[in-house]
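Since we're looking at a predicted model, the values are computed, not measured.
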Amino acid sequence: MTDTATNPAYDIALHSLAPGRWTTHAAQAWRNPGGGLWGGYALGLCVRVLEVEPEAAGEALSMTLTYAAGLPAGDLDVRTRRLRQGGSIGVWEVELRPQGQEEVGVHGMVTLARRPATPPFAFAAMPQAPAPEDLPSPDHPGGAQHFGASAFERRTLDGFPPKPGGDSRSLAWVRPRHGVWDKALLAMVTDNSAPRVMYALDRVMTTTLSLTVYLHAQADDLTALGDDFILIECEGRVGGGGASDERSSYWSRDGRLLATSEQLAWYRQRPPPTSPE
(Lines give C-alpha, C1' and ligand atoms only; values in the text may rest on other atoms or scores of the structure.)
Protein backbone atom coordinates (compact mmCIF):
# COMPACT_ATOMS: atom_id res chain seq x y z
CA MET A 1 0.00 0.00 0.00
CA THR A 2 1.09 3.56 -0.62
CA ASP A 3 0.95 6.26 2.01
CA THR A 4 -0.98 9.47 1.40
CA ALA A 5 2.13 11.49 2.24
CA THR A 6 3.52 10.53 -1.18
CA ASN A 7 0.15 11.03 -2.92
CA PRO A 8 -0.95 14.61 -2.17
CA ALA A 9 -3.63 14.36 -4.87
CA TYR A 10 -5.62 12.22 -2.45
CA ASP A 11 -5.38 14.63 0.49
CA ILE A 12 -8.42 16.75 1.36
CA ALA A 13 -6.86 19.98 2.63
CA LEU A 14 -9.25 22.67 3.89
CA HIS A 15 -8.49 26.36 4.35
CA SER A 16 -10.65 28.55 6.58
CA LEU A 17 -11.93 31.79 5.03
CA ALA A 18 -14.31 32.89 7.81
CA PRO A 19 -16.52 31.19 10.43
CA GLY A 20 -18.44 28.48 8.59
CA ARG A 21 -16.64 29.18 5.28
CA TRP A 22 -13.90 26.99 3.83
CA THR A 23 -12.19 26.31 0.54
CA THR A 24 -10.51 23.19 -0.84
CA HIS A 25 -9.05 21.98 -4.11
CA ALA A 26 -10.54 18.76 -5.52
CA ALA A 27 -7.82 17.11 -7.57
CA GLN A 28 -8.46 15.46 -10.94
CA ALA A 29 -7.75 12.14 -9.22
CA TRP A 30 -11.26 12.28 -7.70
CA ARG A 31 -13.07 12.58 -11.05
CA ASN A 32 -15.08 9.90 -12.73
CA PRO A 33 -13.76 9.46 -16.30
CA GLY A 34 -15.48 11.91 -18.61
CA GLY A 35 -17.52 13.48 -15.82
CA GLY A 36 -17.53 15.39 -12.55
CA LEU A 37 -16.27 14.44 -9.13
CA TRP A 38 -17.02 10.96 -7.86
CA GLY A 39 -19.88 11.08 -5.35
CA GLY A 40 -17.81 9.48 -2.60
CA TYR A 41 -15.51 12.50 -2.56
CA ALA A 42 -18.34 14.69 -1.26
CA LEU A 43 -18.98 12.22 1.57
CA GLY A 44 -15.35 12.33 2.63
CA LEU A 45 -15.21 16.11 2.34
CA CYS A 46 -18.23 16.51 4.64
CA VAL A 47 -16.51 14.38 7.27
CA ARG A 48 -13.17 16.18 6.88
CA VAL A 49 -14.59 19.70 7.18
CA LEU A 50 -16.41 18.87 10.41
CA GLU A 51 -13.22 17.34 11.80
CA VAL A 52 -11.60 20.78 11.52
CA GLU A 53 -14.71 22.84 12.36
CA PRO A 54 -13.81 24.38 15.78
CA GLU A 55 -17.39 24.39 17.09
CA ALA A 56 -18.11 20.78 16.16
CA ALA A 57 -17.66 17.99 18.71
CA GLY A 58 -17.69 14.22 18.32
CA GLU A 59 -17.17 11.93 15.34
CA ALA A 60 -19.40 11.43 12.29
CA LEU A 61 -22.21 8.98 13.09
CA SER A 62 -24.67 9.46 10.21
CA MET A 63 -25.02 11.60 7.13
CA THR A 64 -27.46 12.19 4.30
CA LEU A 65 -26.22 13.84 1.12
CA THR A 66 -28.41 15.17 -1.68
CA TYR A 67 -26.62 15.52 -4.99
CA ALA A 68 -28.35 18.52 -6.54
CA ALA A 69 -25.79 18.99 -9.32
CA GLY A 70 -22.48 17.58 -10.39
CA LEU A 71 -19.34 19.10 -8.88
CA PRO A 72 -16.33 19.71 -11.13
CA ALA A 73 -12.75 19.08 -10.10
CA GLY A 74 -10.95 22.22 -9.00
CA ASP A 75 -11.55 24.79 -6.28
CA LEU A 76 -14.67 24.32 -4.16
CA ASP A 77 -16.44 26.46 -1.58
CA VAL A 78 -17.56 24.62 1.57
CA ARG A 79 -20.02 26.07 4.05
CA THR A 80 -20.88 24.64 7.46
CA ARG A 81 -23.77 25.58 9.73
CA ARG A 82 -24.50 24.31 13.20
CA LEU A 83 -28.14 23.33 13.69
CA ARG A 84 -27.50 22.01 17.19
CA GLN A 85 -24.43 21.04 19.17
CA GLY A 86 -25.16 19.44 22.52
CA GLY A 87 -22.96 17.59 24.94
CA SER A 88 -23.33 14.24 23.15
CA ILE A 89 -24.99 14.91 19.78
CA GLY A 90 -24.39 17.58 17.16
CA VAL A 91 -26.33 18.20 13.95
CA TRP A 92 -24.58 20.09 11.18
CA GLU A 93 -25.39 21.24 7.65
CA VAL A 94 -22.69 21.21 4.96
CA GLU A 95 -22.97 22.76 1.50
CA LEU A 96 -20.53 22.17 -1.37
CA ARG A 97 -20.40 24.32 -4.49
CA PRO A 98 -17.94 25.27 -7.23
CA GLN A 99 -15.89 28.27 -6.17
CA GLY A 100 -17.57 31.57 -6.97
CA GLN A 101 -21.03 30.08 -7.49
CA GLU A 102 -24.04 30.39 -5.21
CA GLU A 103 -25.91 27.35 -6.51
CA VAL A 104 -25.42 24.37 -4.20
CA GLY A 105 -23.97 21.26 -5.81
CA VAL A 106 -24.18 18.88 -2.83
CA HIS A 107 -26.13 19.39 0.41
CA GLY A 108 -25.29 17.33 3.47
CA MET A 109 -26.86 16.77 6.89
CA VAL A 110 -24.38 15.23 9.31
CA THR A 111 -24.91 13.91 12.84
CA LEU A 112 -21.88 13.95 15.12
CA ALA A 113 -21.67 12.05 18.39
CA ARG A 114 -19.47 11.58 21.40
CA ARG A 115 -19.90 7.82 21.64
CA PRO A 116 -20.57 6.55 25.19
CA ALA A 117 -19.57 3.12 26.49
CA THR A 118 -22.71 0.96 26.24
CA PRO A 119 -23.24 -2.84 26.04
CA PRO A 120 -22.89 -3.85 22.35
CA PHE A 121 -25.25 -6.21 20.50
CA ALA A 122 -25.69 -7.46 16.94
CA PHE A 123 -28.44 -9.29 15.05
CA ALA A 124 -26.90 -9.11 11.55
CA ALA A 125 -24.36 -11.73 10.42
CA MET A 126 -21.57 -11.31 7.91
CA PRO A 127 -22.17 -13.22 4.65
CA GLN A 128 -19.82 -15.96 3.53
CA ALA A 129 -17.29 -14.79 0.94
CA PRO A 130 -13.99 -15.99 -0.54
CA ALA A 131 -10.92 -14.42 1.06
CA PRO A 132 -9.70 -11.34 -0.84
CA GLU A 133 -6.34 -13.01 -1.42
CA ASP A 134 -8.16 -15.72 -3.43
CA LEU A 135 -9.86 -13.26 -5.78
CA PRO A 136 -8.52 -11.93 -9.10
CA SER A 137 -6.83 -8.64 -9.85
CA PRO A 138 -9.11 -5.61 -9.42
CA ASP A 139 -8.24 -4.22 -12.84
CA HIS A 140 -11.21 -4.18 -15.22
CA PRO A 141 -10.52 -2.72 -18.68
CA GLY A 142 -12.71 0.26 -19.48
CA GLY A 143 -14.00 0.77 -15.97
CA ALA A 144 -11.09 0.68 -13.56
CA GLN A 145 -11.38 4.31 -12.51
CA HIS A 146 -15.13 4.59 -11.92
CA PHE A 147 -16.76 4.81 -8.47
CA GLY A 148 -13.56 5.67 -6.63
CA ALA A 149 -11.47 2.79 -8.00
CA SER A 150 -8.43 5.08 -8.12
CA ALA A 151 -8.72 5.49 -4.34
CA PHE A 152 -9.81 1.94 -3.42
CA GLU A 153 -8.61 -1.51 -4.44
CA ARG A 154 -11.64 -3.71 -5.09
CA ARG A 155 -11.53 -7.51 -5.39
CA THR A 156 -14.60 -9.36 -6.57
CA LEU A 157 -15.72 -12.03 -9.00
CA ASP A 158 -17.92 -9.45 -10.76
CA GLY A 159 -16.62 -7.79 -13.91
CA PHE A 160 -17.22 -4.18 -14.95
CA PRO A 161 -19.63 -3.08 -16.16
CA PRO A 162 -22.05 -5.56 -14.56
CA LYS A 163 -24.23 -7.64 -16.86
CA PRO A 164 -28.03 -7.58 -16.48
CA GLY A 165 -29.42 -10.67 -14.79
CA GLY A 166 -31.86 -11.89 -12.19
CA ASP A 167 -29.88 -10.95 -9.07
CA SER A 168 -28.49 -7.58 -7.98
CA ARG A 169 -26.55 -8.80 -4.95
CA SER A 170 -22.78 -8.48 -5.02
CA LEU A 171 -19.92 -9.10 -2.60
CA ALA A 172 -16.57 -7.31 -2.87
CA TRP A 173 -13.51 -6.84 -0.70
CA VAL A 174 -12.22 -3.26 -0.70
CA ARG A 175 -9.28 -1.47 0.91
CA PRO A 176 -7.77 2.01 0.54
CA ARG A 177 -4.95 2.39 -1.95
CA HIS A 178 -3.46 5.49 -0.30
CA GLY A 179 -3.47 5.26 3.49
CA VAL A 180 -5.44 3.63 6.29
CA TRP A 181 -9.13 3.51 7.17
CA ASP A 182 -10.70 6.46 8.98
CA LYS A 183 -14.19 7.97 9.14
CA ALA A 184 -13.77 9.91 5.91
CA LEU A 185 -12.61 6.88 3.91
CA LEU A 186 -15.34 4.69 5.41
CA ALA A 187 -17.92 7.28 4.30
CA MET A 188 -16.35 7.47 0.83
CA VAL A 189 -16.41 3.73 0.23
CA THR A 190 -20.21 3.68 0.55
CA ASP A 191 -20.30 5.04 -3.02
CA ASN A 192 -17.82 2.49 -4.39
CA SER A 193 -20.29 -0.07 -5.81
CA ALA A 194 -21.73 0.05 -9.31
CA PRO A 195 -25.37 1.22 -9.50
CA ARG A 196 -27.80 -1.68 -9.17
CA VAL A 197 -29.73 -0.62 -12.27
CA MET A 198 -26.75 -1.99 -14.22
CA TYR A 199 -27.67 -5.44 -12.88
CA ALA A 200 -31.18 -5.07 -14.39
CA LEU A 201 -30.81 -3.10 -17.63
CA ASP A 202 -28.19 -2.44 -20.29
CA ARG A 203 -27.30 0.89 -21.93
CA VAL A 204 -28.12 2.90 -18.81
CA MET A 205 -27.14 6.38 -17.69
CA THR A 206 -27.35 6.87 -13.93
CA THR A 207 -26.50 9.33 -11.19
CA THR A 208 -26.95 9.41 -7.42
CA LEU A 209 -29.80 11.55 -6.06
CA SER A 210 -29.36 10.92 -2.35
CA LEU A 211 -27.17 8.75 -0.13
CA THR A 212 -27.61 8.06 3.58
CA VAL A 213 -24.75 6.53 5.54
CA TYR A 214 -24.67 5.14 9.09
CA LEU A 215 -21.12 4.91 10.44
CA HIS A 216 -21.42 2.31 13.20
CA ALA A 217 -17.67 1.86 13.64
CA GLN A 218 -15.91 4.13 16.08
CA ALA A 219 -12.58 5.77 15.40
CA ASP A 220 -10.69 3.13 17.43
CA ASP A 221 -12.31 0.34 15.41
CA LEU A 222 -11.01 1.88 12.20
CA THR A 223 -7.53 2.43 13.60
CA ALA A 224 -7.39 -1.30 14.33
CA LEU A 225 -8.27 -2.08 10.69
CA GLY A 226 -5.24 -0.28 9.30
CA ASP A 227 -5.39 -0.71 5.52
CA ASP A 228 -6.96 -4.17 5.56
CA PHE A 229 -9.81 -5.23 3.28
CA ILE A 230 -13.43 -4.82 4.33
CA LEU A 231 -16.34 -6.71 2.75
CA ILE A 232 -19.08 -4.80 0.92
CA GLU A 233 -22.46 -6.51 0.54
CA CYS A 234 -24.70 -4.56 -1.87
CA GLU A 235 -28.13 -5.21 -3.36
CA GLY A 236 -30.91 -3.35 -5.13
CA ARG A 237 -34.61 -3.86 -4.46
CA VAL A 238 -36.70 -1.93 -6.97
CA GLY A 239 -36.51 0.50 -9.88
CA GLY A 240 -39.04 2.32 -12.01
CA GLY A 241 -40.12 5.77 -13.11
CA GLY A 242 -36.49 6.79 -13.43
CA ALA A 243 -35.49 5.94 -9.84
CA SER A 244 -33.82 2.87 -8.33
CA ASP A 245 -32.63 2.04 -4.83
CA GLU A 246 -29.84 0.05 -3.26
CA ARG A 247 -28.61 -0.81 0.22
CA SER A 248 -25.21 -1.93 1.43
CA SER A 249 -23.43 -3.31 4.50
CA TYR A 250 -19.72 -3.03 5.27
CA TRP A 251 -17.96 -5.70 7.33
CA SER A 252 -14.52 -6.21 8.86
CA ARG A 253 -12.83 -9.58 8.37
CA ASP A 254 -13.77 -10.63 11.90
CA GLY A 255 -17.48 -10.02 11.25
CA ARG A 256 -18.05 -6.57 12.76
CA LEU A 257 -20.61 -4.42 10.96
CA LEU A 258 -18.77 -1.15 10.31
CA ALA A 259 -21.36 0.81 8.31
CA THR A 260 -24.63 0.58 6.40
CA SER A 261 -26.00 2.76 3.62
CA GLU A 262 -29.11 3.46 1.54
CA GLN A 263 -28.94 5.10 -1.89
CA LEU A 264 -31.46 6.43 -4.40
CA ALA A 265 -30.29 6.80 -8.00
CA TRP A 266 -31.82 8.41 -11.09
CA TYR A 267 -31.52 6.50 -14.35
CA ARG A 268 -32.35 6.52 -18.03
CA GLN A 269 -31.96 3.80 -20.65
CA ARG A 270 -30.31 4.83 -23.89
CA PRO A 271 -32.00 3.63 -27.10
CA PRO A 272 -30.38 0.68 -28.87
CA PRO A 273 -27.85 1.58 -31.55
CA THR A 274 -29.27 1.89 -35.02
CA SER A 275 -27.98 -0.35 -37.77
CA PRO A 276 -26.48 1.39 -40.79
CA GLU A 277 -28.64 1.07 -43.84
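- Val104 and Leu83 fall into different hydrophobic clusters, where Ile, Leu, Val, Met, Phe, Trp and Tyr residues are linked whenever their side-chain heavy atoms come under 4.5 Å apart, directly or through other members.
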> Step by step, would you call Ser261 with Thr190 a side chain to side chain donor-acceptor pair (under 3.5 Å)?
Replying inline: CA-CA 7 Å; Ser261 65; Thr190 63; 5.1 Å; no
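- For the residue pair Gln99 / Thr23, a side-chain donor-acceptor distance below 3.5 Å is found, with atom types taken as modelled.
- Judged by distance alone, with hydrogens and angles left aside, the side-chain atoms of Arg203 form a donor-acceptor pair with the main-chain N or O of Arg270 at under 3.5 Å.
- Looking at Glu233, its side chain never comes within 3.5 Å of a backbone N or O of Ser170 through a donor-acceptor pair.
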>> Does Trp30 form a ring pair (Phe, Tyr, Trp, His ring centres under 6.0 Å) with Phe152? I'd like the steps, not just the answer.
In response: CA-CA 11 Å; Trp30 295 112; Phe152 294 98; 8.1 Å; no
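- Two residues are said to be in side-chain contact when any heavy atoms from C-beta on lie closer than 4.5 Å; Trp181 and Ile230 meet this criterion.
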> Would Glu95 and Val106 count as a side chain to side chain contact (heavy atoms under 4.5 Å, CB included) if you check the C-alpha gap in whole Å, the side-chain angles of each, and the deciding distance to 0.1 Å?
Replying inline: CA-CA 6 Å; Glu95 293 179 348; Val106 178; over 6 Å; no
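- For Asp254 and Arg256, the salt-bridge test passes: some basic side-chain N is under 4.0 Å from an acidic carboxylate O.
- Paired with Glu59 under the rule side-chain hydrogen bond (donor to acceptor under 3.5 Å, both in side chains), one option of Lys183, Arg114, Gln218 passes, and it is Lys183.
- In this structure, NE2 on His107 lies 9.5 Å from CZ on Arg97, to the nearest 0.5 angstrom.
- For the residue pair Ser62/Thr111, the side-chain donor-acceptor check at 3.5 Å is satisfied.
- Looking at Arg175 and Asp227, no side-chain N of the basic residue comes within less than 4.0 Å of a carboxylate O on the acidic one, giving no salt bridge.
- Looking at Val197 and Thr206, their side chains come closer than 4.5 Å, going by heavy atoms from C-beta outward.
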> When you look at Tyr67 and Leu211, which way does the side chain to side chain contact (heavy atoms under 4.5 Å, CB included) test go after all the steps?
Replying inline: CA-CA 8 Å; Tyr67 294 82; Leu211 179 54; 4.2 Å; yes
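- By the 4.0 Å N-to-carboxylate-O rule, Arg21 lies too far from Glu53 to be salt-bridged with it.
- The shortest non-hydrogen separation linking Leu171 to Ala129 is CD1-CB, 4.1 Å.
- Heavy atoms only, all atoms of each residue included: Leu215 and Ala259 are closest at CD2-CB, 4.2 Å.
- Contact of the Trp92 side chain with the Thr80 side chain is registered, since non-hydrogen atoms from C-beta on lie closer than 4.5 Å.
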>> One pair to check against side chain to side chain donor-acceptor pair (under 3.5 Å): Asp202 and Gln269. What are the steps and the verdict?
In response: CA-CA 7 Å; Asp202 56 8; Gln269 188 173 36; 3.2 Å; yes
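- Closest approach of Leu185 to Val180, counting heavy atoms only: CD1-O, 3.0 Å.
- Put simply, Val47 and Leu258 are part of the same group of oily side chains (I, L, V, M, F, W, Y) that touch within less than 4.5 Å, one to the next.
- For the atom pair CD1 (Ile12) and CZ (Arg48), the distance works out to 6.0 Å, reported to the nearest 0.5 Å.
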>> Determine whether Glu93 and Val110 satisfy the following criterion, side chain to side chain contact (heavy atoms under 4.5 Å, CB included), listing intermediate values before the conclusion.
In response: CA-CA 6 Å; Glu93 183 178 46; Val110 184; over 6 Å; no
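- To the nearest 0.5 Å, the span separating CZ on Arg253 from CE on Met126 amounts to 8.5 Å.
- In this structure, a donor-acceptor pair under 3.5 Å is absent between the side chains of Glu153 and Trp173.
- Side chain of Trp38 to main chain of Asp191: a donor-acceptor pair is present (N/O by atom type, distance under 3.5 Å, no hydrogens or angles).
- Following chains of ILVMFWY side-chain contacts shorter than 4.5 Å, one cannot reach Val52 starting from Val91, and the two form parts of different hydrophobic clusters.
- The shortest side-chain heavy-atom distance between Val94 and Cys46 falls under the 4.5 Å cut-off.
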> Run the side chain to side chain contact (heavy atoms under 4.5 Å, CB included) check on Arg115 and Leu61 step by step: do they pass?
Replying inline: CA-CA 9 Å; Arg115 307 288 292 274; Leu61 178 60; 3.5 Å; yes
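- No chain of hydrophobic side-chain contacts below 4.5 Å, direct or via other Ile, Leu, Val, Met, Phe, Trp or Tyr residues, connects Leu71 to Met205.
- In this structure, the separation between CD on Glu246 and CG on Leu264 is 9.5 Å, given to the nearest 0.5 Å.
- Note on Met63 and Ile89: separate hydrophobic clusters, where clusters join Ile, Leu, Val, Met, Phe, Trp and Tyr whose side-chain heavy atoms are under 4.5 Å apart, directly or indirectly.
- Using a 4.0 Å cut-off between charged nitrogen and carboxylate oxygen, Glu235 and Arg247 count as a salt-bridge pair.
- Within 6.0 Å of CD in Glu103 there are 12 or fewer heavy atoms belonging to other residues, nucleotides or ligands.
- Across all non-hydrogen atoms, the minimal contact from Leu225 to Ser252 is CD2-CB, 3.8 Å.
- In this structure, Val238 and Ser244 have side chains that are not in contact, with every pair of non-hydrogen atoms separated by 4.5 Å or more.
- In the model, Gln263 has a side-chain atom that pairs as donor or acceptor with a side-chain atom of Thr208 under 3.5 Å.
- Neither side chain, His15 nor Thr24, offers a donor N or O lying under 3.5 Å from an acceptor on the other.
- Contact of the Tyr250 side chain with the Val189 side chain is registered, since non-hydrogen atoms from C-beta on lie closer than 4.5 Å.
- Counting heavy atoms from C-beta outward, Arg154 and Ile232 have side chains that approach closer than 4.5 Å.
- Residues Ala56 and Gln85 share a closest heavy-atom pair of CA-OE1, 3.8 Å.
- Atom OG of Ser248 sits about 6.5 Å away from atom CZ of Arg196, to the nearest 0.5 Å.
- Between Ser168 and Gly236 the shortest heavy-atom distance is OG-N, 2.7 Å.
- Taking CG from Leu14 and CG from Leu45, the interatomic distance works out to 5.5 Å, rounded to the nearest 0.5 Å.
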